[in-house]
Structures are given as C-alpha cells and as structure tokens.
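All values below come from the heavy atoms of this structure, side chains included, with hydrogens, waters and symmetry mates left out.
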Amino acid sequence: MASEECCLAAADQDAKVSELANRLTGLSDRESKYCTDSCLRKFLRARNWSVRKAEKMLKEALSWRASYKPEEIRWGDVARESETGKLYKANYLDKLGRPVLVMRPGAQNTSAPAGQIKQLVYFMENVIVNLPPNGQDQMVWLIDFNGWSIFKSPSVKTAKDIAYILQTFYPEWLGLAILYNPPYIFETFWVLLHDIFDMSKVETAFGGGSSSNVNCHDYGKVMQQDDLRIDSYWGIQRPEIESPDNSSLSTED
C-alpha cells in the first residue's frame with residue numbers, strides 16, 4: 001500500500017509545513033533557527049503528515065532541547081568517550097552525498113550512560129548543522145560490530161533511552177543504517193557498500209581502500225574548530241579561549 005507521503009502532492013505537503021510553522025508562536029531565536037522547513041517536514045513525515053501530531057512531537061523536542069541544550073555540547077564534553085574512535089564523523093560522504101557517522105560498539109570504553117548519550121547527541125547535532133549544501137538532509141550510520149560482545153552493550157534502559165531520543169527528537173534524520181558483522185553477512189554487505197560508497201574512501205575495516213585510522217588527538221582539534229563554527233551558527237557567546245589550529249583531519253596508517 002502506498003504511503004501517505006506518496007499520496008500527498010508536493011503542494012499539499014508544503015501547505016502542511018506552512019500550517020505547522022504558523023502554529024509555532026513565541027519561539028526563541030535558537031528555536032526559530034532549528035525549526036526550518038526541512039525540520040518541520042521531518043516531524044510531519046514521522047507523524048504521517050498529521051499537523052496536530054507533528055506539533056505535539058515537535059513541542060516535546062523543543063522542550064527537551066531547552067533543558068538538555070544539545071547545541072551547547074562541545075568536543076571537550078565528549079573527548080573521553082571518543083578516545084577509542086567508537087563514534088566519529090567520517091571525512092567522506094556516500095554516493096548520494098549523505099554524511100556518515102561511523103560507530104564501533106566493540107571499542108566501548110566507558111560504562112556511563114549519560115556520557116554515551118551525550119556523545120551520540122553531540123555528533124548528531126554536528127552532522128545536522130554541517131549538512132553539505134547538496135540538498136541532502138539525512139545521514140548514514142556505518143556500524144562495525146567487530147570486537148563487540150554482550151558485555152560491551154549498553155543496558156536495556158540506556159538502549160531504550162537512546163532509541164527514544166533518536167525517534168522523538170531526531171525523526172527522519174537517519175536515512176540508512178548499515179550493520180557490519182562478518183563473516184555471516186559479508187557477501188551481502190560487500191555488494192551493498194559498493195552501491196552506496198566510493199570504496200576507495202572507506203576504511204579497510206569495512207572492506208574499503210583507505211588504510212587510515214582516526215587519530216583522536218588530531219581529530220579533536222578538527223572538532224574543536226568545528227565547535228567554533230557551530231557557536232557562530234547558534235549565536236552562542238563563550239568566554240574567549242585559545243583558538244585551535246586549522247589542521248585538517250589527521251590519520252595514522
């Protein structure tokens with residue numbers, strides 16, 4: 001059966017976006033910046049284009065953002081969680097121009113749920129603010145389960161909390177998640193990756209041609225520089241600190 005989105009004409013979708021926007025009154029500067037047409041469209045899509053349901057969902061997300069302040073999380077807040085490279089933004093896009101978050105659950109290095117959630121939110125926010133100017137408004141997750149075990153899994157409660165945050169506060173931002181767990185699905189995975197990525201840019205851990213590994217120290221410098229740009233985007237004023245250098249993402253062979 002065709003989805004409701006397929007049945008809605010583009011003009012009708014635009015009309016619902018406008019209707020939802022008109023219902024959002026008294027927004028702060030940050031909330032107005034967050035509630036782009038693309039953002040509103042995602043919340044509508046997540047609620048089958050019901051303006052009433054999308055409004056309720058969006059207001060819950062705005063309430064969470066006002067209290068959690070995800071746009072204010074910076075590299076220094078998640079550097080400890082990121083030491084093992086268990087989660088990072090790749091320096092390549094997929095063939096559709098979507099940014100890529102690489103996840104390696106087997107490299108888990110902490111047992112603090114709050115820190116793990118904060119790290120994920122930090123990277124979600126970073127990707128959203130830095131979406132490439134190519135019309136794409138979704139991302140890809142590339143998840144490597146090598147080295148993973150049940151002992152490195154988050155608790156059931158943490159997993160539920162993460163799922164709730166992603167589904168409720170970041171609806172429709174994830175375009176595709178690829179799970180890599182050889183050797184059981186390697187053949188299917190290999191074909192799928194070639195369809196989605198330029199494999200010369202993908203890490204060898206995923207069967208690609210790039211032998212580079214993320215250097216956490218140098219990667220941190222890149223993210224700190226990115227933090228300054230994100231501060232500017234949100235209009236956040238911080239105490240003057242020494243600006244990190246402009247080094248690009250460094251890798252180690």
Worksheet entry | Parallel, tilted or perpendicular: ring planes of Phe145 versus Trp148, cut at 30 and 60 degrees | perpendicular
Worksheet item: What distance do Ile143 atom CD1 and Arg104 atom CZ have between them, rounded to the nearest 0.5 Å?
Response: 12.0 Å
Practice prompt. Would you check if the side chain of Gln224 reaches a backbone N or O of Trp75 as a donor-acceptor pair within less than 3.5 Å?
Written response: no
Discussion item. Pairing donors with acceptors under 3.5 angstrom, does anything connect the side chains of Ser63 and Lys59?
Written reply: no
Item to complete: Any chance you could lay out the side-chain contact (heavy atoms from CB on, under 4.5 Å) test for Tyr170 and Val127, step after step, and finish with the verdict?
Response: CA-CA 12 Å; Tyr170 296 98; Val127 168; over 6 Å; no
Worksheet item: Are Gln13 and Leu44 close enough that some pair of their side-chain heavy atoms sits under 4.5 Å apart?
Response: no
Worksheet entry | Shortest non-hydrogen contact from Leu93 toward Phe197 | O-CD2, 4.2 Å
Discussion item. Between Tyr92 and Asp198, is the side-chain contact (heavy atoms from CB on, under 4.5 Å) condition met? List the steps.
Written reply: CA-CA 9 Å; Tyr92 53 84; Asp198 175 352; over 6 Å; no
Worksheet item: For Arg80, does its backbone N or O pair with a side-chain atom of Asn109 as donor and acceptor, under 3.5 Å?
Response: yes
Fill in: Arg98 side chain vs Lys95 backbone, donor-acceptor pair below 3.5 Å
no
Discussion item. I need the minimum non-hydrogen distance between Glu172 and Arg45, along with the two atoms involved.
Written reply: OE1-CD, 3.4 Å
Worksheet entry | Sole residue of Glu81, Gln116, Gln108, Met103 in side-chain contact (heavy atoms from CB on, under 4.5 Å) with Leu87 | Met103
Worksheet item: Is any side-chain heavy atom of Lys86 less than 4.5 Å from a side-chain heavy atom of Thr110?
Response: yes
Fill in: Shortest non-hydrogen contact between Cys216 and Glu83, atoms and distance
SG-CA, 3.6 Å
Worksheet item: Hey, what do you get for NZ (Lys53) to CG (Asn48), rounding to the nearest 0.5 Å?
Response: 7.0 Å
Discussion item. Rounded at 0.5 Å granularity, tell me how far CZ in Arg41 sits from CG in Leu20.
Written reply: 11.0 Å
Discussion item. Between Ile165 and Met124, does the side-chain contact (heavy atoms from CB on, under 4.5 Å) criterion hold? Intermediate values first, please.
Written reply: CA-CA 11 Å; Ile165 288 172; Met124 292 291 293; over 6 Å; no
Worksheet item: Between CD of Glu125 and CD1 of Ile73, what distance do you get to the nearest 0.5 Å?
Response: 7.0 Å
Worksheet item: Does Arg52 reach the side chain of Arg47, with side-chain heavy atoms less than 4.5 Å apart?
Response: no
Item to complete: Would you check if the side chain of Lys33 reaches a backbone N or O of Gly235 as a donor-acceptor pair within less than 3.5 Å?
Response: no
Worksheet item: Would you say the side-chain atoms of Asp227 and Tyr122 include a donor-acceptor pair closer than 3.5 Å?
Response: yes
Response to the item:
Minimal heavy-atom distance between Val51 and Glu19, with the atoms involved, is CG2-OE1, 3.7 Å
Worksheet entry | Leu96 reachable from Leu174 in the ILVMFWY side-chain graph, under 4.5 Å edges | no
Item to complete: Run the salt-bridge test on Lys157 and Asp161 with the 4.0 Å N-O cut-off and return the result as yes or no.
Response: yes
Item to complete: Hey, can you tell me if Phe169 and Tyr164 have their rings parallel, tilted or perpendicular (30° and 60° cut-offs)?
Response: perpendicular
Response to the item:
Smallest heavy-atom separation, Arg30 atom then Ile236 atom, equals NH2-CG1, 3.4 Å
Practice prompt. For residues Gln225 and Lys221, determine if any side-chain heavy atom of one lies less than 4.5 Å from a side-chain heavy atom of the other.
Written response: no
Worksheet item: Does the side chain of Leu40 come within less than 4.5 Å of Leu24's, by heavy atoms?
Response: yes
Fill in: Side chain proximity check, Glu203 to Asp144, heavy atoms < 4.5 angstrom
no
Worksheet entry | Ion pair Glu60/Lys56, N-O distance below 4.0 Å | no
Worksheet item: Does Trp64 reach the side chain of Thr168, with side-chain heavy atoms less than 4.5 Å apart?
Response: no
Discussion item. Heavy-atom count check: over 12 atoms from other residues, nucleotides or ligands less than 6.0 Å from Asn134 CG?
Written reply: yes
Practice prompt. Can you measure from CZ (Arg238) to CD (Glu72) and round to the nearest 0.5 angstrom?
Written response: 6.0 Å
Worksheet entry | Distance, nearest 0.5 Å, that separates CG of Leu120 from CD1 of Ile162 | 6.0 Å
Worksheet item: Heavy atoms, side chains only, cut-off 4.5 Å: are Asn146 and Tyr180 in contact?
Response: yes
Practice prompt. For side-chain contact (heavy atoms from CB on, under 4.5 Å), just list the numbers for Tyr34 and Leu58, CA-CA rounded to whole Å, side-chain angles, deciding distance to a tenth of an Å, and then say yes or no.
Written response: CA-CA 11 Å; Tyr34 173 76; Leu58 179 54; 4.0 Å; yes
Item to complete: Looking only at non-hydrogen atoms, find the nearest pair between Pro132 and Gly97 and report the distance.
Response: CG-O, 3.3 Å
